[in-house]
Amino acid sequence: MVSLTFPDGSVREYDDGISGKDLASSISKSLSKKALAFSLDGDLMDLADPIPHDGQVAIITRNEPQALELIRHDTAHVMAQAVQELWPDTQVTIGPVIDDGFFYDFAREEPFSTDDLETIEAKMHEIIKLNAPFTKEVWSRDEAKAYFTEKGELFKVELIDAIPDDQELKIYKQGDWLDLCRGPHMVSTGQIGTGFKLLKVAGAYWRGDSNNPMLQRIYGTAWSSDKELKTHLHNLEEAEKRDHRRLGREMDLFHFQEEAPGSVFWHDKGWRLFQTLIAYMRRRQDENDYKEVNSPDMMDKGLWEKSGHWEKFGEHMFTTQTPDDRVYCCKPMNCPGHVQIFKNGLKSYRELPYKIAEFGKVHRYEPSGALHGMMRVRHFTQDDAHVFCTQDQITKECVELNQLILSIYKDFGFENVIIKYSDRPEKRVGSDEVWDKSEAALKKAVEAAGLTYELNPGEGAFYGPKLEYVLRDAIGRDWQCGTVQVDLNLPGRLGAFFIAPSGEKEHPVMIHRAMFGSLERFCGILIEHYAGRFPLWLAPTQVAVCTIVSEADNYAQDVMAKLRAAGLNPILDIRNEKINYKVREHSHAKVPVLFVLGGREAENGSVSIRRLGSKDQTVMAIDEAISALQEEATPPDMRT
RNA sequence: GCCGCUGUAGCUCAGUGGUAGAGCGCACCAUUGGUAAUGGUGAGGCCGGGAGUUCGAUUCUCCCCAGCGGCACCA
């Protein structure tokens, strides 16, 4: 007998060997019709599978969240079948479920075109209509290998070889087509429905390794209903509207051009936002005892060889040869420069922790295919800092840093922050003893701060383990921004030391940290997070002063002067245009506040205020309006 | 870097083997209008760069550059 606990908490006994299907039928006929699969202790299983042991059981219908996983997986299989029916010479490889959908990688001489997607979709609808049942078989290794070898499915053969010996080889059939698959699947292809769409074709390396051949990947999205599909496609369109590259152009913040791939041309408005961020960060750093410094943009290659950067990243550095035949490297990081500043003048243990910060512009020759708007550029500004301290101080410093970082993110409306801990990578400098020490110290700091974190094995920097701070934005996308890295290697390599209480020389520990990460990227993230509608303190243009009639022009000039005197950034619009036109234009430009001035306002010293995104108008005395805005435009860290 | 797609006016996009068009924007003129487009006139282009095929290329072919979507990479 098996004892099964249902979602409502009830417990019932069943005969051994009862399948999910039998279970569903025993509950109700309609449930058994709607059932796609079942779950045991949270794990999905084929409806036809016998229930192997006691546990929490649930019948999965298409209304359960878990159904999406099944629908997407099955859609991927049907897509693979469709592709092979259309182009029999195509090899199938893998086709997993991903966020919002699935993909399947194919090996084929000729790549798919976007037109092919429609053809494939049509074929998929045919296959789904046939409503062939998914059936599972367990094959022997030899049988499977012989079958796929004979079919010319060499990638599948490679997959079979990679499956551990103690694991069963499962084959799922749908009609005449079959695939090696770990399952589970729904009952039949008809259960997929019509809520899917193929989205794009792309290249992808076999097994994610750039040494391997490139396969053709087709991405699709799948949902349990047409309505959900429609909503998803609509969300994609909305996300496109917040794209920082688009908004950057529309709002006249910055541009890119061919002559400087991966480099930002900042326009005045964008630069104002950038400077607002720096001013904010400078205040936060000042109050946390950082000293701001500035190190050279170019330094002799020899220094980069000593630091280890040349060996690890030389191919990704910009270099320049001068007439005197010296080779200089544009700095890809600020740390070696900061070490020189630390080294200049003998340091005592009494000076530690020695905290220096720089808004340094770094240069990295990123691979062309990696460039992406401001999110991945070749020249960017880091809010970089280095804390030189003793090993005993690591924990305290990391705990403080953590508090600072989280409080900064909060000021930008990011409450949802994930922390990842990355330990030693394969390519690294320093002995294992040093790594043991620095990993233990950083881990202790996270634990002391009471943080929950995810483990990211092997993803640390080449000189030390790191914490990464990942923000979740307004539409649920994750962005890795801040980082804290404990480094027991570089100070030694670059000959930095301090005089310990004993009078002996000791190498300090270096904590590398960035909070925004890249200022350029952070601007891009903010643009997308706020969809261009910045809070007043960040908005490059805060108020547009618009006149209705030219009689109000002089008054508008007075209003402008008052706004400027209050530290706000207004623009004046006294053009010979109708007020409708001006409102429309400034709304498109996402100016947060409009002051509309006509004869009435000029006469009694008031302004008619319209906020971005609202049709309401509020009439207020000018001084009252300005002091309210002044209050609102105060950066969050300066509010009382 | 790899696979695929794209590149025409400031922006969004039509178009053709015989050196180009729309809307918006811009300039000028008229209009002084109360909260998301007032009307008229006009200027604006080496059709991403280079080579080839051709009597002739923005259009066809090849190479390069850049952008876009992925993959790989990300100190």
Side-chain angles (χ1 to χ4, degrees), chain A residues 103 105 108 110-114 116 199-219 243 245-246 249-250 252 255-262 304 307-317 331-336 362 364-373 375-377 382 384 425 427-429 459-464 466 480 483 485 487 490 512 514 517-518 546-553 574-588 594-601 608-617 619:
Chain A
F103 66 75
D105 286 346
R108 181 174 174 239
E110 198 182 328
F112 298 104
S113 72
T114 20
D116 291 340
L199 297 177
K200 50 197 173 196
V201 289
Y205 296 109
W206 166 236
R207 297 187 147 182
D209 185 336
S210 57
N211 298 311
N212 287 340
M214 183 154 278
L215 307 171
Q216 306 298 327
R217 176 173 295 181
I218 300 178
Y219 282 95
D243 190 306
R245 292 164 297 186
R246 175 179 172 149
R249 186 173 54 239
E250 288 174 1
D252 193 19
H255 84 270
F256 290 92
Q257 68 185 52
E258 276 195 34
E259 289 79 356
W304 302 101
S307 70
H309 287 90
W310 183 258
E311 195 197 336
K312 302 286 171 202
F313 297 103
E315 285 183 10
H316 298 283
M317 283 165 76
K331 63 176 173 189
M333 292 189 80
N334 300 299
C335 19
V362 295
R364 298 177 182 181
Y365 184 75
E366 301 285 5
S368 57
L371 302 179
H372 181 93
M375 302 310 190
R376 191 81 181 269
V377 289
Q382 286 184 319
D384 201 5
K427 255 187 161 188
R428 59 177 183 264
V429 294
E459 297 291 320
F462 73 85
Y463 46 71
K466 67 181 176 186
Q480 193 240 302
T483 170
Q485 304 166 6
D487 178 2
L490 271 189
H512 306 240
S518 149
C546 306
T547 51
I548 298 170
V549 289
S550 49
E551 277 85 78
D553 286 2
I574 53 172
R575 290 174 304 172
N576 181 10
E577 295 292 351
K578 292 196 167 182
I579 192 61
N580 284 307
Y581 184 89
K582 295 185 184 182
V583 167
R584 180 182 151 87
E585 196 170 273
H586 298 300
S587 299
H588 278 307
L594 299 188
F595 277 8
V596 175
L597 311 179
R600 292 204 292 271
E601 287 79 6
S608 167
I609 304 171
R610 177 177 170 135
R611 303 291 304 225
L612 180 61
S614 164
K615 286 186 173 167
D616 298 343
Q617 301 160 31
V619 179

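Here is how names work: the chains are called A, B, and so on, in the same order as the sequence lines, proteins then strands, and each is numbered from 1.
- A:Met317 approaches A:His309 most closely through the heavy-atom pair SD-O, 4.2 Å.
- For CD of A:Glu315, the number of neighbouring non-hydrogen atoms (other residues, nucleotides, ligands) closer than 6.0 Å is 12 at most.
- A:Asp209 and A:Asn211 make their closest contact through OD1-N, 2.8 Å (heavy atoms, listed as atom of the first residue, atom of the second, distance).
- Distance A:Tyr219 OH to B:G4 P: 16 Å, rounded to the nearest Å.
- Nucleotide B:U58: unpaired (no Watson-Crick or G-U wobble partner with both distances less than 3.5 Å).
- Taking 4.0 angstrom as the limit, A:Tyr581 places none of its side-chain polar atoms (N or O) nearer than this to OP1 or OP2 of B:G34.
- The gap from the C1' atom of B:G21 to that of B:U58 amounts to 13 Å, rounded to the nearest Å.
- Distance check on atom C1': B:G23 versus B:C65 gives 30 Å, rounded to whole Å.
- At a cut-off of 3.5 angstrom, counting only N and O atoms as typed in the model, there is a donor on one side and an acceptor on the other between the side-chain of A:Arg376 and the base of B:C74.
- With both pairing distances under 3.5 Å, B:G39 is matched to B:C29 as a Watson-Crick or G-U wobble pair.
- The partner of B:G7 is B:C65, by the rule that a Watson-Crick or G-U pair needs both atom distances under 3.5 Å.
- Among the protein residues, A:His316 comes within range of the nucleic acid bases, having at least one heavy atom under 4.0 Å from a base atom.
- Under the Watson-Crick or G-U wobble criterion, with both distances below 3.5 Å, B:G44 has no partner in any strand shown.
- Between the side chain of A:Lys582 and the main chain of A:Thr547, a donor-acceptor pair closer than 3.5 Å is present.
- With C1' as the reference atom, B:U38 and B:U32 are 12 Å apart, rounded to whole Å.
- Contact annotation: side chain of A:Arg207 to base of B:A72, donor-acceptor pair absent below 3.5 Å.
- Shown here, B:A14 forms no base pair; nothing in the strands shown gives a Watson-Crick or G-U wobble contact with both key distances under 3.5 Å.
- Remark: P of B:G39 and CD of A:Glu577 are 11 Å apart, rounded to the nearest angstrom.
- Shown here is A:Glu250, whose CD atom has more than 12 heavy atoms of other residues, nucleotides or ligands within 6.0 Å.
- On a pure distance criterion of 3.5 Å, no polar donor-acceptor pair joins the side chain of A:Gln257 and the base of B:G48.
- Not a single donor-acceptor contact under 3.5 angstrom links the side-chain atoms of A:Tyr365 to the base of B:G1.
- Rounded to whole Å, atom P of B:A75 lies 5 Å from atom CZ of A:Phe313.
- Map A:Gly460 and A:Arg575 each onto its nearest nucleotide of RNA chain B; the residue landing nearer the 5' end is A:Arg575.
- The distance from atom CZ of A:Arg217 to atom P of B:G4 is 16 Å, rounded to the nearest whole Å.
- Figure legend. B:C71 is base-paired to B:G1; pairs are counted as Watson-Crick or G-U wobble with both atom distances under 3.5 Å.
- Separating the CD atom in A:Glu577 from the CD1 atom in A:Ile548 is a distance of 14.0 Å, to the nearest 0.5 Å.
- Taking atom CD on A:Glu259 and atom P on B:G67, their separation rounds to 11 Å, with Å as the unit.
- For the P atom pair drawn from B:A20 and B:U59, the interatomic distance equals 14 Å after rounding to whole Å.
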